[in-house]
Amino acid sequence: MNDPVRTRFAPSPSGHLHVGGARTALFCWAYARSRDGRFLLRIEDTDRKRSSDAAALGFLADLAWLGIDWNEGPEHDGCGGGDRGPYFQSQRREIYDGQIERLLASGAAYHTDDEEPAVRLRVPDAPIVFHDEVVGEVVTSPEQVDDFVIRKSDGFPTYHFAVVVDDELMGVTHVIRAQEHLSNTPKHVLLQDALGFAKPTYAHVSIIVGADGSKMSKREKDRALRKTVREREVASSPVVDDETWAWWLESKDHQLELHAAERLAADLGIDLPEIDVHDFRRAGFLPEVMVNYLALLGWSPGGDREQFDVAFLLEHFDLDRLIKSPARFDRDKLLSFNLDAIKAMSADEFAERLLQYATDFHGDFLDVFNDRYPGDAFAHFARQNQARSKTLADPIRDGRFFVIDDDEIEYQQSKAVRKALVKGDPNGYAHMEAIRPVLEALPEWTVPAIETAIEQYAEQHAAGRLGSVAQPLRVAVSGGPVSPAIHDTLALLGRQRVLARIDRCLARREELSSA
Ligand code: GLU
């Protein structure tokens, strides 16, 4: 009988959880969960310069959002605990020191006599061999590995040393991690031999590449920003000091601090590419869709099945279906998965999830909305938007006109808008002028009443073409040519706002006609 499976995810908390990290965590979790094993979370925070507690907490929240729970590790929302901790490497220094003493005593490691004293492992003169579930047998000749540092001059162990000690003491049976660690594994094997430790099963999962085939990384955000800054010849930014600005512009590797990058993007009016789990969450993706999509990055359930739920993943996940070649992150595909999932929801569920999303990310929108449109208006708003939403952010973005003041409506400068207003005889303005008194005089301001009024008007004055009336009204109240059904939109906005917006659009007739 095999030992119970124990897997671990071991992030270095130096920012948010990147999709690559999330994918690794998901695979480790799925493997343990599907085999009645245990999934551990260990925070690798020995690189004190790069680690921050806030980042560690961001990681935990991102995992929890995805539904990836851990049996052992930092305590968060009912997850964590366990008796093989502490689960923060920065709190395990005595443990590492004890193991280093053993190696020093046996002669397997030695102090260097450099100015800054470190401890190095003595690398034996023999090939290093291990088996990987994804790439097969890996053989490294001893010349490729020099005696390497296991304790730095600051007294902290190196990544290699800490990871090997922790995996052993935490009883890890399967190490599933990104392929970028494959080249580290020979060192880990050497350490396991020197320390007399068991060898876990290794599975190094493929790298994730973006649309251009290069490794998907946080740098993409800076790349997108730099491109816009160069194109528009932006000379400086109030959110970045001049020195940082010059430094950042000069190299394709330099990265702005995330908050500065986000503010700069907002100033430039561009969206940054989503890279971190949190980006996707904020962009209105559903956690179950993320889990589905992440699972496909480097794993295949076989057949042509692509969309599945977590139960399916747990039933089918296995290491022998991991794929060696790079996995391409296809945002369009993710978006289409998200659209499908939104479409498949009940109206009530969509309303609930949209509300939660708006609460988390668009508090200002929600405050004004609830203030203006009481009762169950938000649920109606959600229902009207569900069919056309690819993300939870779509209704909020497209519905901004509901929460701004009448005189803040900006009319889009587009062909569609011009067509709605000035094409035809009578044109949109003329129809709006004519239907305004009809709307004003409606005995009650309800969806059916508005719908009937617009239909009758179109029947009598626009040869039954509803669009000739609906489109100019839509432009007047929203500024653009897309919104949910016109009667729903007008009913929700309220009569006063609708009339005020018609008046304003008519008043700017000349300016808009010549634009
Ligand atoms: N802390 C490492 C990282 O964030 C992972 C170490 C491992 O999985 O062995 O990349």
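Both ligands and their constituent atoms are indexed starting at 1 by order of listing.
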**Sole residue of F285, F59, F361, W65 in ring pair (Phe, Tyr, Trp, His ring centres under 6.0 Å) with H278** = F361
**Prompt:** Take atom CD in E231; do more than 12 heavy atoms of anything else shown fall under 6.0 Å from it?
**Reply:**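 Counting neighbours around CD of E231, more than 12 heavy atoms of other residues, nucleotides or ligands fall under 6.0 Å, so yes.
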**Set of residues that line ligand 1, where lining means a heavy atom lies under 4.0 Å from it** =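 Correct list: R8, A10, P11, S12, E44, Y159, V163, R177, H181.
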**Message:** For the residue pair R33 and F317, would you count it as a cation-pi contact if the rule is NZ or CZ under 6.0 angstrom from the ring centre and within 45 degrees of the ring axis?
**Reply:**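 Output no; distance or angle outside limits.
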**Sole candidate of Q179, R177, E133 that passes side chain to side chain donor-acceptor pair (under 3.5 Å) when paired with H204** =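 Testing H204 for a side chain to side chain donor-acceptor pair (under 3.5 Å) against Q179, R177, E133 leaves exactly one candidate, R177.
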**Prompt:** So, Y31 and D318: side-chain donor and acceptor under 3.5 Å apart, yes or no?
**Reply:** no
**Request:** Please list, chain by chain and in numerical order, all residues satisfying side-chain hydrogen bond (donor to acceptor under 3.5 Å, both in side chains) with H160, sequence neighbours excluded.
**Result:**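 Partners of H160 under the side-chain hydrogen bond (donor to acceptor under 3.5 Å, both in side chains) test: H188.
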